[in-house]
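Everything numeric here is computed off the predicted structure, so don't read it as measured data.
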Amino acid sequence: AALQVTAADRLLAVVQVWHANGFANCLLLPLSQGGSIVTLGRFLPRLVLETIRDARVSVVIGSPFVFKALSQAADAQPVAAPAAPPGWGSVRTWISSGAALPAALDERLRGQGIAVRQLYGSSETGTLCLSGPERREPGSVGRPVAGVALRIVDGQGAEVAPGTSGEIEVRSAALFDGYVGDPSSGPPRTTDGFYRMGDLGRRNAADEVVLLGRSDAMINVSGVKVDPREVQAVLESLPGIAQALVHGMEDAAGLTLIRALLVRKGEISTEEVLRYCRRQLAEYKLPRVVEFVDSIPQDLMGKTARGLLEN
């Protein structure tokens with residue numbers, strides 16, 4: 001209901017339907033409303049843009065990875081159409097899910113006439129929040145959709161005041177019962193039926209939910225918690241870096257260090273990277289291991305291949 005899809009809509013299924021977002025929002029949603037589904041044999045950014053234009057697509061659901069690729073393709077070879085100069089004037093709604101849409105990418109897309117709305121949810125819960133197309137605070141995923149109760153709690157489970165960060169808990173009729181093949185794997189509910197998402201967030205002045213990262217993704221450096229997204233954002237603001245991935249690793253002594261995998265654009269050295277980081281970050285947040293790689297593989301939902309970290 002939050003997406004307001006009707007029988008008149010033509011929805012482009014970019015996200016794989018074996019993913020919860022693709023199955024629920026790209027397949028079941030348009031079918032339940034009598035809408036049309038436009039599919040692609042494979043993901044090629046240029047092909048996606050041409051399909052949007054030629055099939056008069058009205059709803060596009062993707063991920064930050066997808067939208068970054070589409071933005072780059074549009075810059076490289078603009079797609080023209082008589083009725084709409086950019087070639088995507090038929091689209092009334094752009095939705096991104098799977099990960100937070102970076103602020104810089106959001107601005108770039110808006111400059112290309114693409115105002116992306118952010119959807120927040122999970123396989124276990126379905127859709128929880130959906131933002132509007134207007135500019136918003138970085139990390140904001142809008143307000144909870146109808147039927148979803150969402151709260152933010154501290155370490156003792158007490159709900160915190162607006163503006164205070166904590167862990168996100170939700171309750172809705174769409175919450176899963178457990179995992180197939182494991183009857184004892186019910187969701188980790190609180191005594192009053194809320195599900196712990198494992199995400200950190202807060203509510204801003206507009207009562208929107210702002211995501212701050214994963215509670216289990218924090219890097220514990222000598223007892224001090226470091227959010228890898230903060231370090232990653234600094235690295236990706238460096239002109240010579242195209243992409244960054246930050247995570248924790250153990251050294252030979254078993255101590256946790258911050259490791260940064262970087263994709264270069266142009267010439268840049270490790271020394272330049274660290275010099276830049278020292279101007280932006282506290283000493284304990286600095287990467288202790290910096291490695292340059294050709295690429296950081298991701299799937300269409302923007303999820304990083306775990307094998308890269310393990311190897």
Under 4.5 Å between any side-chain heavy atoms of Val48 and Leu70, yes or no? yes
Separation between OG1 (Thr270) and CZ (Arg275), nearest 0.5 Å, reads 11.0 Å
For residues Val57 and Arg10, report the shortest heavy-atom separation together with the two atoms involved. CG1-O, 3.4 Å
Checking side-chain contact (heavy atoms from CB on, under 4.5 Å) for the pair Leu101/Val116: CA distance, chi angles, key distance, verdict? CA-CA 9 Å; Leu101 189 71; Val116 179; 3.9 Å; yes
Aromatic ring pairing Phe65/Phe43, orientation class (parallel under 30°, perpendicular over 60°, tilted between): tilted
Over 12 non-hydrogen atoms of neighbours within 6.0 angstrom of CZ in Phe23: no
Does a side-chain heavy-atom distance below 4.5 Å link Arg135 with Arg110? yes
Going only through I, L, V, M, F, W and Y residues with side-chain contacts under 4.5 Å, is there a path from Val66 to Leu40? yes
CG of Leu105 to CD of Gln72: how many Å apart, nearest 0.5 Å? 8.5 Å
For Val170 and Met197 the tightest heavy-atom approach is CG2-SD, 3.9 Å
Between atom CG of Leu238 and atom CD1 of Ile268, what is the distance when rounded to the nearest 0.5 Å? 3.5 Å
Interatomic distance, CD1@Ile219 vs OG1@Thr256, rounded to 0.5 Å, equals 8.5 Å
So, for Ser90 and Ile52, which heavy atoms are closest and what is the spacing to 0.1 Å? OG-O, 3.8 Å
For Ser140 and Glu208: C-alpha separation, side-chain torsions, deciding distance, then whether side chain to side chain donor-acceptor pair (under 3.5 Å) applies. CA-CA 6 Å; Ser140 170; Glu208 298 170 334; 3.0 Å; yes
Carboxylate-amine/guanidinium contact Arg92 Asp9, below 4.0 Å: yes
Can you name the closest pair of heavy atoms from Leu235 and Leu262 and give their distance? CD1-CD2, 3.9 Å
Please step through side-chain contact (heavy atoms from CB on, under 4.5 Å) for the pair Thr51 and Leu49, ending with a clear verdict. CA-CA 5 Å; Thr51 302; Leu49 294 178; over 6 Å; no
Taking every non-hydrogen atom, the tightest pair across Val231 and Pro287: CG1-CG, 4.1 Å
Test side-chain contact (heavy atoms from CB on, under 4.5 Å) applied to Arg203 and Ile152, step by step: CA-CA 8 Å; Arg203 289 187 185 266; Ile152 298 173; 4.0 Å; yes
Working note: Gln112 + Asp75, criterion side chain to side chain donor-acceptor pair (under 3.5 Å); need CA distance, chi angles, decisive distance, verdict. CA-CA 9 Å; Gln112 296 171 311; Asp75 274 351; 2.9 Å; yes
Are Val38 and Leu28 connected into the same hydrophobic cluster when the rule is that any two of I, L, V, M, F, W, Y join if their side-chain heavy atoms are below 4.5 Å apart? no
Looking at Glu50 and Arg46, is there a salt bridge between them, counting it only when a charged N and a carboxylate O are closer than 4.0 Å? yes
What's the spacing between Cys129 SG and Leu119 CG if we round to 0.5 Å? 8.5 Å
Quick check: do Ser131 and Arg136 have side-chain heavy atoms less than 4.5 Å from each other? yes
Cut-off 3.5 Å, side chains only: do Ser71 and Arg108 have a donor facing an acceptor? yes
Cluster overlap Phe67 with Leu47, hydrophobic side-chain contacts below 4.5 Å: yes
Would Val209 and Leu150 satisfy side-chain contact (heavy atoms from CB on, under 4.5 Å), going step by step from the backbone distance to the final call? CA-CA 9 Å; Val209 177; Leu150 184 148; 3.8 Å; yes
Looking at Glu267, I'd like to know if its CD atom is crowded, meaning that more than 12 non-hydrogen atoms belonging to other residues, nucleotides or ligands lie closer than 6.0 Å. no
Does Arg171 qualify as a cation-pi partner of Tyr195, given the criterion of NZ or CZ under 6.0 Å from the six-membered ring centre and within 45 degrees of its axis? no
Considering only NZ, NE, NH1 and NH2 on the basic side and carboxylate oxygens on the acidic side, decide whether Glu169 and Arg151 come within less than 4.0 Å. yes
Taking all heavy atoms of Gly62 and all of Val15, pick out the closest pair and write down the distance. CA-CG2, 3.8 Å
Basic-acidic side-chain contact under 4.0 Å: Arg264, Asp294: no
Shared hydrophobic cluster for Phe194 and Val141 (ILVMFWY, side-chain gaps under 4.5 Å): no
Are Met249 and Leu261 connected in a single hydrophobic cluster, I mean Ile/Leu/Val/Met/Phe/Trp/Tyr linked by side-chain heavy atoms less than 4.5 Å apart? no
